[in-house]
There are 2 protein chains.
Amino acid sequence: MGAAKTGRPSGRRQALLQAAAEVFFEQGFVATSIGAIIERAGGSKRNIYSEFGNKEGLFSAIVTSTADRALSTLAIEQIEGRDLQETLTAFGRQLMAIYMSPTLIGVYRIAVTEANRFPDLVKSFYEQGPGRAASQLAEVLEGAKERGEIRADDCLRVAGHFVGMIRDNLHLQVVLGLRPPPSEQEVREAVASAVEIFLNGVRPRRDK
Amino acid sequence: MGAAKTGRPSGRRQALLQAAAEVFFEQGFVATSIGAIIERAGGSKRNIYSEFGNKEGLFSAIVTSTADRALSTLAIEQIEGRDLQETLTAFGRQLMAIYMSPTLIGVYRIAVTEANRFPDLVKSFYEQGPGRAASQLAEVLEGAKERGEIRADDCLRVAGHFVGMIRDNLHLQVVLGLRPPPSEQEVREAVASAVEIFLNGVRPRRDK
DNA sequence: CGAATACGGTAATGCGCGTTACCAGTCAAG
DNA sequence: CTTGACTGGTAACGCGCATTACCGTATTCG
């Protein structure tokens, strides 16, 4: 039955992680059976237990490694430099691309679902993902504020508004499986619209 | 152990729905056991099966009834009337209150979790909740646009941006159990900030 | 070439769940 | 007061799962 040949242990581990991620993200922690993972990955249950200890260990390994990999590309420093509009546009597109990727949709689902069961995982996911995005953006905004380009009381709050605008109902629809992830074109349009409103919204107004 | 007295069958039904909602929303569909619901509601398993057929029936009944009740208060018509800022502020607060209520947080969690298992439930939840909020707001914006109060290409998209701003990272944090729902005060501040940016953002600009 | 060892697979175990068969108590009708 | 049906509870059933004990096999070292 086994299509996969037994090879180096590290290859095995990767295949296991890959298969487990798929099943966990689709079905959730409780509904996922070790058997289903093995069916997809090949090999034997025994392997999972010697590699990860138990179901929770496997789950934690998956979530952290997947989230780390997906979120590591989230860095505003590499983008900043030109004017604020370009920075926001590029950052918005990057944010959108990450949020809408099937991988992060899966992580997001699992985080919402298992928030009670794995509070530590969820906390670190938030801090490395949405939380970090907001605080990175807040720093950029702080700079712009000091330069007088924008007007804002609380930059962190305002940054939150921006990432909220980017997420929009789009993210929710994708998470709920009501529509496929947006195309490049749709991303560009949505981000452009959000950036325009946001920028106008925070630009200093003369009449006041 | 049982705190609830056995009474009329309709009271029984309500108690069952109440208890089931609590457990389902906290644990998810798969992890919730009929036994746990009975433990909380009193009575016997038999009761659930004669009243709702099976676990899925109970679940569907809960989700639809809870969502209906929580979302029925979402009506922009009763608010509209004065100027746009007041309308947006009131609508934003209402939205925030509904989104952050423990009840809707529970429904939201379950919707995200069980999107694959119950696509129809999820679809109707979205359409009655976030979807309806956006389209209602879009109509209001359409009116304002015709009156020349705002400038917008696609009102539905822009409405989506507004509700996204309102949800912010706050909603995510609450859903993930990382912080308690915001106080009245916090709601007011967040909404005020979002409305200000949004309104400035969509107001017609002279220089262009 | 042979034996020891470690790894991977199969099958067993114990548990918890959804669901249902069966039984006791209760209320109404005659 | 008796008897019938019906509502609600207890306990059993079958199943599927996480976890583990046990065994074959391949690999490596002498």
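Letters A, B, ... mirror the listed sequences (proteins, then strands); counts begin at 1. Values reported hereafter were calculated over all heavy atoms of this structure, with side chains retained and with hydrogens, waters and symmetry mates removed.
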I need the CD-P distance between A:Glu39 and D:dG16, as an integer number of Å. 13 Å
Pairs in or reaching into residues 170-198 of chain A: which pass ring-ring contact (aromatic ring centres under 6.0 Å, His included), with residues at least two apart or in two chains? A:Tyr99-A:His171, A:Tyr108-A:His171, A:Phe162-A:Phe198
To the nearest angstrom, the CD1-C1' distance between B:Ile48 and D:dT10 comes to 15 Å
Pairs where residues 21-36 of chain B contributes a residue and the test side chain to side chain donor-acceptor pair (under 3.5 Å) is met, not counting sequence neighbours: B:Gln18-B:Glu22, B:Glu22-B:Arg40
Interatomic distance where CG belongs to A:Asn47 and C1' belongs to D:dA18 [whole Å]: 16 Å
Of the candidate nucleotides C:dT19, D:dT19, D:dT10, which contains the atom at the shortest distance from the side chain of A:Lys55? D:dT19
Test: salt bridge (charged side-chain N to carboxylate O under 4.0 Å, His left out). Region: residues 123-143 of chain A. Which pairs qualify, not counting sequence neighbours? A:Lys123-A:Glu127
For residues 28-37 of chain B, which residues have at least one heavy atom under 4.0 Å from DNA chain D? none
Please enumerate all residues that pass side chain to side chain contact (heavy atoms under 4.5 Å, CB included) together with B:Ser101, with sequence neighbours excluded. B:Thr103, B:Leu104
A:Ser72: what forms a side chain to side chain contact (heavy atoms under 4.5 Å, CB included) with it, not counting sequence neighbours? none
What is the distance from CD of B:Gln27 to P of C:dC17, rounded to the nearest Å? 11 Å
For A:Ile38 and D:dT19, what is the distance between atoms CD1 and P respectively, to the nearest whole Å? 13 Å
Contacts of B:Ser193 meeting side chain to side chain contact (heavy atoms under 4.5 Å, CB included) (sequence neighbours excluded), chain-then-number -> A:Arg157, A:His161, B:Ile197
B:Phe118: ring-ring contact (aromatic ring centres under 6.0 Å, His included) partners, not counting sequence neighbours: B:Phe29, B:Phe59
Donor on one side chain, acceptor on other, A:Glu186 and A:Ser183, under 3.5 Å: yes
Round to a whole Å and report the spacing from CZ of B:Phe59 to P of C:dC17. 18 Å
Sugar-phosphate or base contact per nucleotide [nucleotides 20-25 of chain C; S, B, -; heavy atom under 4.0 Å]: BBB---
